[in-house]
Visitor: 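The following block contains the structure, expressed as structure tokens.
Counting begins at 1 with the first residue of the sequence.
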Amino acid sequence: MGFISFVGRVLFASIFLLSAYQEFSEFGTDGGPAAKALKPKFNLFIQQVSKNLGMTLPHIDIKTVIAATMFLKGLGGLLFIISSSFGAFLLVASYLAFITPIVYDFYNYEMESSQFVQLFVKFSQNLALLGALLFFLE
């Protein structure tokens, strides 16, 4: 049973490790495609939070956000493989709880649009991963 559990953790962590590796290999000087895709959604998120709080938030460089998520996904994935609950916490805190609602912003689209459906499906998949990690943290 221990071997099967290890294989399951490796397969689960590979989602995050391969994603971090891909972002690292494409990072370049501008943050790569991940930064280009995240920047407008992140700016919209910052505007909405600033409006709701009634104060302006400090400027956060998108390359720093991408670099931090790469690091946390990589480290969290490696620690998760060795059955560390801290690794699971890093994955929850870094990508699933913080980045998922920003990247998969289905709530900004009409329900009839195709973008809504695509974003909602990906959001739901990440929500399932979040549930699996929270189960592991228990």
Visitor: Take L134 and L130, measure what side-chain contact (heavy atoms from CB on, under 4.5 Å) needs, and give me the verdict at the end.
Guide: CA-CA 6 Å; L134 290 176; L130 176 65; 4.1 Å; yes
Visitor: If we check ring-ring contact (aromatic ring centres under 6.0 Å, His included) with F116, which of these qualifies: F106, Y107, Y109?
Guide: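 So, applying the ring-ring contact (aromatic ring centres under 6.0 Å, His included) to F116 and each of F106, Y107, Y109, only F106 qualifies.
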Visitor: Heavy atoms only: give me the nearest G77-A13 pair and the separation to one decimal.
Guide: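 Heavy atoms of G77 and A13 come nearest at O-CB, 3.4 Å.
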Visitor: Are I102 and V49 connected, step by step, through hydrophobic side chains (Ile, Leu, Val, Met, Phe, Trp, Tyr) whose heavy atoms are closer than 4.5 Å?
Guide: yes
Visitor: Evaluate T69 against E23 for side-chain contact (heavy atoms from CB on, under 4.5 Å), listing each step before the verdict.
Guide: CA-CA 9 Å; T69 58; E23 288 177 5; 4.0 Å; yes
Visitor: Would you say CZ of F120 has more than 12 non-hydrogen atoms from neighbouring residues, nucleotides or ligands within 6.0 angstrom?
Guide: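 12 or below, so no.
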Visitor: Heavy-atom distance under 4.5 Å between the side chains of L127 and T100, does that happen here?
Guide: no
Visitor: Identify all side-chain donor-acceptor contacts of residues 30-46 below 3.5 Å with residues at least two apart in sequence or on another chain.
Guide:
unit_1	atom_1	unit_2	atom_2	d
D30	OD1	G32	N	3.1
D30	OD2	K36	NZ	3.4
K41	NZ	V103	O	2.7
K41	NZ	D105	OD1	3.2
N43	ND2	K39	O	3.3

Visitor: What is the minimum heavy-atom distance between Q48 and N108, and which atoms define it?
Guide: NE2-OD1, 3.8 Å
Visitor: Please name all residues satisfying ring-ring contact (aromatic ring centres under 6.0 Å, His included) with Y21, sequence neighbours left out, ordered by chain then number.
Guide: none
Visitor: Is there a donor-acceptor pair closer than 3.5 Å between any side-chain N or O of S50 and the backbone N or O of Q47?
Guide: no
Visitor: Grouping I, L, V, M, F, W and Y whenever their side-chain heavy atoms are under 4.5 Å apart, do F71 and F89 come out in a common cluster?
Guide: yes
Visitor: Tell me, with the steps shown, if F12 and L129 meet side-chain contact (heavy atoms from CB on, under 4.5 Å).
Guide: CA-CA 9 Å; F12 188 85; L129 293 174; 3.4 Å; yes
Visitor: Indicate, with yes or no, if V10 and L78 share a hydrophobic cluster defined by side-chain heavy-atom contacts under 4.5 Å among Ile, Leu, Val, Met, Phe, Trp and Tyr.
Guide: yes
Visitor: Does a sphere of radius 6.0 Å around CZ in F24 hold more than 12 heavy atoms from other residues, nucleotides or ligands, not counting ones at 6.0 Å or beyond?
Guide: no
Visitor: Taking all heavy atoms of A20 and all of G74, pick out the closest pair and write down the distance.
Guide: CB-N, 4.0 Å
Visitor: Is it the case that the side chain of S113 and the backbone of E110 share a donor-acceptor pair, with hydrogens and angles ignored and the cut-off at 3.5 Å?
Guide: yes
Visitor: Sub-3.5 Å donor-acceptor pair from the side chain of Y104 to the main-chain atoms of Q125, do we have one?
Guide: no
Visitor: Give every donor-acceptor pair under 3.5 Å between a side-chain atom in residues 79-88 and any protein atom, sequence neighbours left out.
Guide:
unit_1	atom_1	unit_2	atom_2	d
S84	OG	F86	N	3.2
S84	OG	G87	N	3.4

Visitor: With clusters defined by side-chain heavy atoms of hydrophobic residues (ILVMFWY) lying less than 4.5 Å apart, directly or transitively, does F98 cluster with L57?
Guide: yes
